[in-house]
Amino acid sequence: RWNSDYQDFFPITLQKGKNVLLVSHVYKTYREISFFAGFAPGTEYMVENPSVGYTFSESNIHAGDTFTLDIRAENVINFAGWQFDIAFDPAVLEAVEVTEDDFLKSKGGNTFFQDGTIDNTTGKITDLFSARLSESGVSGTGTLLSVTFKAKAGGETQVTLENFEFSSISGEVIPSVPPNITITVGEYPAWDVNQDGRVSVADLVLVAKDLGSDVPTNLRTD
């Protein structure tokens with residue numbers, strides 16, 4: 001009503017933890033009006049929207065390392081299914097294995113899971129999906145899928161989720177946007193012989209074992 005701040009206040013009861021709140025506004029007028037919704041001053045709250053997250057099993061990834069990429073659903077409600085393809089650079093990464101995690105199976109549920117097809121020539125994992133076999137969905141945050149990669153070469157590379165969709169138990173699409181996943185693969189320097197991320201007497205011991213050898217047992221000691 002030609003105002004820039006709150007004018008009407010209504011008491012509501014919220015429980016500690018997560019709450020679903022629908023705010024609706026209906027008016028009958030030909031005038032332009034503004035609409036603001038919020039909580040009373042001093043109220044501690046955080047707005048949560050469905051999203052997709054990820055974590056790596058290793059914080060420092062180097063060429064030759066094997067690591068796991070975990071893909072999570074975050075702040076979902078009545079969640080019951082997902083689908084996506086995974087695209088990556090085959091010159092930098094090699095996909096090894098795909099494993100479903102337990103979030104969609106929580107509360108005693110089962111799933112119909114398709115582990116997709118790995119093509120390390122094109123850098124694609126296609127036809128990945130899982131559907132919950134239950135009358136109720138799951139809510140909250142949890143890991144959906146774990147993908148094991150081997151780092152082939154150093155550099156910065158992207159992993160993307162394509163043909164992406166989340167579904168609720170009622171068959172409706174849950175609006176969410178997949179992230180662009182950046183992976184930085186480092187190179188071990190030649191003098192880090194045992195590839196433990198540091199240079200020490202342990203590297204010197206390995207070199208000393210092959211001194212005078214025409215064919216060293218470990219090519220990195222050459």
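What you see is a predicted model, and the numbers here were worked out from it, not measured in a lab. Note that the numbering runs from 1 along the sequence shown for the chain.
Checking each of Thr148, Val185, Leu93 against Phe67 for a side-chain contact (heavy atoms from CB on, under 4.5 Å) leaves exactly one that passes, namely Leu93.
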> Can you list the steps and then say if Asp119 with Thr117 is a side-chain contact (heavy atoms from CB on, under 4.5 Å)?
Replying inline: CA-CA 7 Å; Asp119 188 339; Thr117 301; 5.6 Å; no

> Would Ile183 and Ile61 satisfy side-chain contact (heavy atoms from CB on, under 4.5 Å), going step by step from the backbone distance to the final call?
Replying inline: CA-CA 8 Å; Ile183 300 175; Ile61 302 171; 4.1 Å; yes

> Given Val159 and Leu69, is the side-chain contact (heavy atoms from CB on, under 4.5 Å) satisfied, shown in steps?
Replying inline: CA-CA 10 Å; Val159 174; Leu69 168 64; 4.2 Å; yes

>> Does Thr68 form a side-chain contact (heavy atoms from CB on, under 4.5 Å) with Val147? I'd like the steps, not just the answer.
In response: CA-CA 5 Å; Thr68 300; Val147 185; over 6 Å; no

>> Working note: Thr111 + Glu100, criterion side-chain hydrogen bond (donor to acceptor under 3.5 Å, both in side chains); need CA distance, chi angles, decisive distance, verdict.
In response: CA-CA 10 Å; Thr111 60; Glu100 184 185 25; 3.1 Å; yes

>> Test side-chain hydrogen bond (donor to acceptor under 3.5 Å, both in side chains) on Ser146 and Asp70; report intermediate values, then the result.
In response: CA-CA 4 Å; Ser146 295; Asp70 293 329; 2.6 Å; yes

>> What verdict does the ring-ring contact (aromatic ring centres under 6.0 Å, His included) test give for Phe129 and Phe84, after you've listed the backbone C-alpha separation in whole Å, the side-chain angles of each residue and the deciding distance to 0.1 Å?
In response: CA-CA 7 Å; Phe129 68 84; Phe84 48 78; over 10 Å; no

>> Under the criterion side-chain hydrogen bond (donor to acceptor under 3.5 Å, both in side chains), I'd like the reasoning laid out for Glu74 against Ser51: C-alpha separation, chi angles, the key distance, then a yes or no.
In response: CA-CA 5 Å; Glu74 298 180 339; Ser51 60; 3.1 Å; yes

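A donor-acceptor contact shorter than 3.5 Å is absent between the side chain of Asp210 and the backbone of Ser213. Formation of a donor-acceptor pair under 3.5 Å by the Ser139 side chain with backbone atoms of Asn78 is found in this model. With Thr141 contributing its side chain and Asn75 its backbone, the two residues share a donor-acceptor pair below 3.5 Å.
Between Phe149 and Phe88, the angle of the ring planes goes over 60°, which puts this pair in the perpendicular group of the 30/60° scheme.
Residues Asp203 and Trp191 are not in side-chain contact: their nearest non-hydrogen atoms beyond the backbone lie 4.5 Å or more apart. Looking at heavy atoms from C-beta onward, Ile86 lies out of side-chain contact with Thr160 at the 4.5 angstrom threshold. A 4.5 Å side-chain heavy-atom check between Ser167 and Phe79 finds every atom pair outside the cut-off. Counting heavy atoms from C-beta outward, Gln83 and Leu128 have side chains that stay 4.5 Å or more apart. For the pair Ile77 and Ile174, the minimum side-chain heavy-atom distance is 4.5 Å or more. Using a 4.5 Å heavy-atom threshold, the side chains of Leu133 and Phe112 count as touching. Using a 4.5 Å heavy-atom cutoff, the side chains of Lys105 and Arg132 are not in contact. With a 4.5 Å cut-off on side-chain heavy atoms, Asp85 and Leu161 do not count as touching.
In this structure, Val96 and Lys150 approach most closely via the heavy-atom pair CG2-N, 4.0 Å. For Ile118 against Ala95, the heavy-atom pair with the smallest separation is CG2-CB, 3.7 Å. Ser176 and Pro50 make their closest contact through CB-O, 3.9 Å (heavy atoms, listed as atom of the first residue, atom of the second, distance). Shortest non-hydrogen contact noted between Gly154 and Ala63 is N-CB, 4.2 Å.
Between atom CD1 of residue Ile181 and atom OG1 of residue Thr55 there is a gap of 9.5 Å, rounded to the nearest 0.5 Å. Between Asp89 atom CG and Lys152 atom NZ the span is 8.5 Å, to the nearest 0.5 Å. Here the straight-line distance linking atom CD of Glu135 with atom CD1 of Ile169 works out to 8.5 Å at 0.5 Å rounding. The OG1 atom of Thr182 sits 6.0 Å away from atom OH of Tyr54, with the distance rounded to the nearest 0.5 Å. Annotation: the span from Lys209 atom NZ to Leu204 atom CG amounts to 12.5 Å, rounded to 0.5 Å. Interatomic distance, Phe103 CZ to Trp82 CH2, rounded to the nearest 0.5 Å: 13.0 Å.
Note on Leu145 and Phe164: same hydrophobic cluster, where clusters join Ile, Leu, Val, Met, Phe, Trp and Tyr whose side-chain heavy atoms are under 4.5 Å apart, directly or indirectly. A continuous path of ILVMFWY side-chain contacts below 4.5 Å connects Val98 to Phe56, so both sit in one hydrophobic cluster.
Of the N and O atoms on the side chains of Asp101 and Thr143, not one donor lies less than 3.5 Å from an acceptor on the other residue.
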